[in-house]
Amino acid sequence: MNSELAAIDWLGRGWLLILAFTASVLMVAALRKPCRRLFGTERAFQLWLLPPLALLASQLPHAADAPGTVLPPVVFAITSAAATLPAYATATSAIDWRIGAALLWLSGMLVSLWLAAVAQSRYRTRLRGASVVDGLRSPRLVLRASGTDIGPALVGAWRSRIVLPADFEQRYDAIEQTLVLAHEVAHARRGDGWWCLLARLLAALFWFHPLAWWALAALRHDQELACDAAVLREHGAQRRSYANAMLKTQSAAFVLPVGCPWSPRHPVTERIAMLKLPAPNRRRRNAGVIAGFALAIVVVGSAYAAGAPQEPRGARKVHGPEYQLDMQVELTIDNGHERHAETADFALCMAPGKAAMASVGAVKVEATTVPVDDGQVRIDLAVSNAGTSPLAHSRLRGALGRMLHAAGTGADGKPAYVVDVTPQAGCPARVIAEASPVRVTEHVTNGTAREVAESIAAKAGWKLANPRALGDAPVTLSFNDMPAGTAMQRVADLAGMKLVLDGKRVRFAPK
């Protein structure tokens with residue numbers, strides 16, 4: 001698939017990502033507080049699994065995503081003419097707006113990640129001079145910062161460290177020290193450093209989306225509430241000491257993108273209020289697990305279904321399982337010293353909404369056909385000189401059976417390509433091509449369509465019912481090892497007739 005048609009596909013994927021992210025975050029926003037009351041803060045925090053699951057499900061491939069069927073291109077006339085021209089570069093189309101949008105999105109994402117990396121680096125720089133604290137029961141290395149404005153915190157994701165302030169023993173009494181350390185150990189045990197990293201990556205991915213930054217703050221808040229609940233399940237008798245430790249903890253002086261600082265940046269009033277609520281019993285926590293699994297299945301299934309190719313409204317009235325595009329292409333080629341034109345006439349078949357490609361000589365065409373309302377189709381068309389970038393991208397719209405026209409010019413203002421496209425339902429060219437296994441090669445200059453048809457029929461073992469209907473006008477044809485049925489169809493098209501196959505009997509009827 002060339003860059004033009006690939007842009008169409010990635011654009012649709014991008015919109016699907018935004019839709020999945022928006023819907024899942026709004027669902028979390030609506031359910032997080034009711035879930036706290038019913039199942040506890042730990043189960044409420046697990047709702048944040050929904051956005052990444054929805055994003056992944058929305059991008060999973062579907063059976064219908066298989067590439068569109070491509071009918072081998074059938075060429076029946078290729079001519080060329082040369083003219084001397086001054087040397088200059090071949091024209092290219094202007095930058096597509098999708099490329100600009102992609103560059104803007106990528107720039108914003110990289111800036112967001114860079115700012116997060118800078119903030120993380122500054123925090124870790126403040127840890128220089130920190131000393132290791134021995135004798136504490138902790139699954140992570142514990143460091144004592146050189147200043148009182150750093151910690152308590154869990155820093156990092158992969159090799160996370162627990163950081164305590166320099167005045168840890170002076171600021172907190174013995175019970176409070178135990179609770180503060182238990183809080184950071186709970187963060188490490190729950191993998192909250194990885195949660196912070198994932199949340200920051202998603203915020204960078206959707207840097208333009210207001211919900212992304214709200215979700216980042218809300219997740220960090222729910223993370224602290226869940227960690228509080230995990231600590232109090234083991235130290236429920238020390239709720240007052242736990243609240244006192246919160247009040248004694250200074251506000252974090254530096255941003256920590258990947259890590260969990262335990263500070264009043266999180267609404268301390270709500271956290272203390274949550275300490276007064278009774279913890280949910282085991283039955284309610286288990287019910288929360290079941291409800292979470294059920295909700296995850298619904299969200300994943302919905303996101304996956306949303307990513308499936310949709311049958312456009314009114315499409316069943318205008319098409320079968322695929323489309324055929326009868327194409328006549330004239331491409332002007334400039335090799336730097338001379339200019340010549342190549343023309344090709346072929347049929348291209350594809351499933352609705354799927355791209356198909358044909359290369360004939362120097363002519364390369366890629367197209368996607370999508371049904372729209374009022375019995376019409378939309379054709380996204382890219383034309384190029386084979387082996388180069390597309391000259392241009394055209395979007396056509398029209399009724400089945402009606403010829404559509406597209407043209408483009410080069411940098412010198414002279415015509416670069418001309419395309420005539422006639423869409424039709426189904427793929428009659430394939431039916432005709434498969435009518436006989438015989439393949440023919442014919443090169444005729446100033447012959448007649450009737451003579452060519454008689455030659456093809458003799459090789460395929462067919463009987464022509466009315467060959468004189470093709471007329472005796474001179475034609476120039478070139479067939480190179482193509483199915484006999486396809487070759488006969490092209491002869492009929494050149495004569496302005498319709499090919500009708502009935503077993504071994506061939507008849508030509510007016511179109």
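Atom set for the values below is all heavy atoms of this structure, side chains included, hydrogens, waters and symmetry mates excluded.
- One finds the CE atom of Met403 at 12.0 Å from the CG atom of Leu396 (value rounded to the nearest 0.5 Å).
- Closest approach of Leu154 and Gly193 over heavy atoms only: CD2-N, 4.3 Å.
- Annotation: side-chain contact (heavy atoms from CB on, under 4.5 Å) contacts of Asp134 (sequence neighbours excluded): Val132.
- Of the possible polar contacts, one joining the Arg285 side chain to the Pro280 backbone as a donor-acceptor pair under 3.5 Å is found.
- Shortest non-hydrogen contact noted between Ser112 and Arg200 is OG-NH1, 3.2 Å.
- The heavy-atom pair separating Arg190 from Ala230 by the smallest distance is CD-CB, 4.4 Å.
- The side-chain heavy atoms of Gln120 and Val155, taken from C-beta on, include a pair separated by under 4.5 Å.
- Taking CZ from Phe39 and CG from Asn281, the interatomic distance works out to 11.5 Å, rounded to the nearest 0.5 Å.
- Partners of Phe168 under the ring pair (Phe, Tyr, Trp, His ring centres under 6.0 Å) rule, at least two apart in sequence or in another chain, are Tyr172.
- For residues 158-167, every residue pair satisfying the side chain to side chain donor-acceptor pair (under 3.5 Å) rule, not counting sequence neighbours, is listed here: Arg140-Ser160, Asp167-Arg171.
- A donor-acceptor contact closer than 3.5 angstrom is absent between the side chains of Gln223 and His187.
- Between Gly151 and Pro165, the shortest heavy-atom contact is C-CD, 3.8 Å.
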Show the atom names and distances, to 0.1 Å, of all donor-acceptor pairs under 3.5 Å that link a side chain in residues 44-53 to residues at least two apart or in another chain.
| residue | atom | partner | partner atom | Å |
| --- | --- | --- | --- | --- |
| Trp48 | NE1 | Asp222 | OD2 | 3.0 |

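- Side-chain contact between Leu55 and Gln59: absent, with no pair of heavy atoms (C-beta onward) separated by less than 4.5 Å.
- Remark: side-chain polar atoms of Ser241 are not paired, donor with acceptor, to backbone N or O of Ile175 under 3.5 angstrom.
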Just distance, no hydrogens or angles: give the donor-acceptor pairs under 3.5 Å from side chains in residues 205-217, sequence neighbours left out.
| residue | atom | partner | partner atom | Å |
| --- | --- | --- | --- | --- |
| Trp207 | NE1 | Trp105 | O | 2.9 |
| His209 | ND1 | Leu211 | N | 3.2 |
| His209 | NE2 | Thr22 | OG1 | 2.7 |
| Trp213 | NE1 | Trp207 | O | 3.0 |

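- With sequence neighbours excluded, the residues satisfying side-chain contact (heavy atoms from CB on, under 4.5 Å) with Ser121 are Thr125.
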